**Student:** 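Take this structure, written in structure tokens, and hold onto it; I'll ask about it next.
Residues: numbered from 1 along the sequence shown. Both ligands and their constituent atoms are indexed starting at 1 by order of listing. Nothing here was measured: the structure is a model prediction, and the numbers come from that model.
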Amino acid sequence: MKCFRIGEREKRESVIVCRKKVFSAALAPLKERLLNGGGIVFTDTNVHALYRASIEKYLGGVPVFAMPAGEEHKNAETLFALLGAMREAGLRRDSLLVALGGGVVGDVGGLAAALYMRGIGCIQVPTTLLAQVDSSVGGKTAVDFGGVKNLIGAFHPPVRVLADPVFLNTLPRRELRSGLGEMVKHGALCPSLFEKLEGADDLLDPAFLAELVPENIAFKASVVRRDPREQGLRRCLNLGHTTGHAVELSSGLSHGACVLIGLLLESVLSARHLRADEAFLERLRALCKRALGEEKMPPLDLKGALLDKKNGAGDGVTLAVPVAAGEYELLRLPFGQYAREIGEAMETLC
Ligand code: NAD
Ligand code: GLY
């Protein structure tokens, strides 16, 4: 078992635990507390179908609300349906929301917990690789709105994150690849992780990926600890995301695959505009291509990049881009130039 902490002890502290037997050892002891208005389990229909027996065995009697699975349901309608279920279940200020699922469940559940009675505790039980290495850690919660990813959100750090490798056994390859995308992003910022990924024979081997989960959490926690509200350093975690989010909104590819495409294309802009280590960027591009594997490049529609929340005023696009092993910079370009250069990078690389 490995344990990480973010925040001040006793005050807004997140305890992140990587452990096996999460249902019997960590959730079952909470059952009494969750009954009779003390809590709700929030999940999605896929995860509910796969883990219904464990939920019933260890948390039987606790209300369960399952949203339809998928990014297209990460919206205000689902958020308000969940808030309604929390009201219906009689949740109080001291109640807990258990978000059992991938990043979509974690983001919607975390936001509902932030809003309900101005904030109740949230326990994240991430069931995808992506959620274990990235989205469950750090307190960002959100829903998509008006065609913009994560437009409505809040920082609401979970009281606890419980990451169990058992969930990875049922994950399809598409979702393993998605988590791998965020791990490659972490690798671009953390040289020891990069070397492990580069040295892998099979990047989608679930045992190899599960072994790297604690190191990824430790890396992300180290960034969030220093900059919980994204005032500076935490922007490094947006590497590949401006283009990635635009591709995600227009293509239906998984979040992590889109981050890989974003990293691949934006690294070309980095080399063109900044003093970058081209040899490292070449290695990064090779790793992104290996990680993308058989995933097909979608037609590019970059309009979503203009709507990215990170842009600030004007019609420019702000990108966090890799420049060398473990280093990143912010690059701002007018939208027209950005779209043209990304298009050129796509033609050269694919
Ligand atoms: P997801 O939650 O949609 O899960 C992907 C699919 O896997 C879904 O169909 C889900 O039902 C299924 N699934 C979940 N657990 C499973 C399991 N154990 N076995 C089999 N199937 C399972 O997607 P995701 O990739 O986990 O998360 C992506 C979301 O996370 C995006 O909305 C993205 O914006 C968000 N995100 C948030 C942060 C953050 O800091 N808050 C960081 C990165 C990504
Ligand atoms: N995934 C980006 C962040 O947590 O800041």
Side-chain angles (χ1 to χ4, degrees), residues 6 14 22 42-51 54 66-75 78 99-111 114 122 124-144 148-151 153-158 161 163-183 185-186 189 206 210 216-217 219-221 223-242 244-245 248-249 252-259 262 308-310 320:
I6 305 175
S14 280
V22 69
F42 174 53
T43 186
D44 74 22
T45 43
N46 291 341
V47 177
H48 194 219
L50 285 165
Y51 295 97
S54 299
M67 66 173 279
E71 179 74 27
E72 65 276 26
H73 299 289
K74 182 178 156 179
N75 56 28
T78 305
L100 173 73
V104 167
V105 163
D107 278 10
V108 179
L111 183 56
C122 177
Q124 294 275 354
V125 187
T127 63
T128 60
L129 180 64
L130 181 139
Q132 295 194 355
V133 298
D134 189 355
S135 62
S136 66
V137 177
K140 279 190 183 177
T141 73
V143 293
D144 305 338
V148 186
K149 262 202 66 89
N150 300 331
L151 189 68
F155 285 98
H156 189 61
V161 180
D164 186 335
V166 76
F167 292 116
L168 307 188
N169 296 337
T170 53
L171 262 194
R173 267 173 85 82
R174 174 189 195 269
E175 303 309 333
L176 288 172
R177 193 186 307 287
S178 185
L180 174 62
E182 296 288 10
M183 290 165 83
K185 176 195 79 180
H186 286 165
L189 298 161
N216 274 272
I217 292 177
F219 171 72
K220 178 155 183 189
V223 174
V224 174
R225 217 175 271 131
R226 282 177 282 165
D227 180 17
R229 295 263 168 163
E230 200 172 304
Q231 303 296 301
L233 174 70
R234 188 167 175 174
R235 291 185 188 136
C236 72
L237 299 177
N238 296 324
L239 229 57
H241 276 62
T242 301
H245 278 166
E248 189 178 355
L249 280 168
L253 286 182
S254 74
H255 179 81
C258 295
V259 169
D308 197 274
K309 338 184 262 317
K310 299 182 285 297

**Student:** Report the part of Thr45 (side chain from C-beta onward, or backbone N, CA, C, O) that has a heavy atom under 4.0 Å from ligand 1; answer both or neither where that applies.
**Tutor:** neither

**Student:** Heavy atom of Lys149 under 4.0 Å from ligand 1?
**Tutor:** yes

**Student:** Counting non-hydrogen protein atoms only, what is the nearest one to atom 31 (C) of ligand 1? Give residue, atom name and distance.
**Tutor:**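 The protein heavy atom lying closest is Glu71 OE1, 3.2 Å.
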
**Student:** Check ligand 2 against Lys140 and write out every atom of the ligand that is under 4.0 Å from a heavy-atom position of the residue.
**Tutor:** 2 (C), 3 (C), 4 (O), 5 (O)

**Student:** With nothing but distance in play, are any N or O atoms of Asn238 less than 3.5 Å from an N or O of ligand 2?
**Tutor:**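 N/O-N/O distance under 3.5 Å: no.
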
**Student:** Which bit of Thr141 is near ligand 1, meaning a heavy atom under 4.0 Å away: side chain, backbone, both or neither?
**Tutor:**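 Near ligand 1, Thr141 shows nothing, with every heavy atom at 4.0 Å or more.
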
**Student:** Answer side chain, backbone, both or neither: which part of Leu171 comes under 4.0 Å from ligand 1, heavy atoms only.
**Tutor:**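 For Leu171, the contact with ligand 1 is made by both the backbone and the side chain.
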
**Student:** For ligand 1, note which part of Glu175 has a heavy atom under 4.0 Å away: side chain, backbone, both or neither.
**Tutor:** side chain

**Student:** Under 4.0 Å from ligand 1, counting heavy atoms only, is it the side chain of Val104, its backbone, both or neither?
**Tutor:**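 Within the 4.0 Å criterion, Val104 contacts ligand 1 through backbone and side-chain atoms alike.
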
**Student:** Can you figure out which of Leu111, Val105, Thr128 has its heavy atom closest to atom 14 (C) of ligand 1?
**Tutor:**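 Result: the heavy atom closest to atom 14 (C) of ligand 1 is in Thr128.
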
**Student:** Would you mind running through ligand 2 and noting each atom that sits below 4.0 Å from a heavy atom of Lys220?
**Tutor:** 1 (N), 3 (C), 4 (O)

**Student:** Does some non-hydrogen atom of Glu182 fall short of 4.0 Å from ligand 1?
**Tutor:**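 It does, in that a heavy atom of Glu182 comes within the 4.0 Å cut-off of ligand 1.
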
**Student:** Suppose I only count heavy atoms of Asp134 and a 4.0 Å limit; which atoms of ligand 2 are within that range?
**Tutor:**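 So the atoms of ligand 2 that pass are 1 (N).
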
**Student:** Among all the protein's non-hydrogen atoms, which is closest to atom 24 (P) of ligand 1, and how far away is it?
**Tutor:** Gly103 N, 3.5 Å

**Student:** Could you establish whether Lys220 and ligand 1 come within less than 4.0 Å of each other, counting only heavy atoms on the residue side?
**Tutor:**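 A heavy atom of Lys220 does come that close to ligand 1.
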
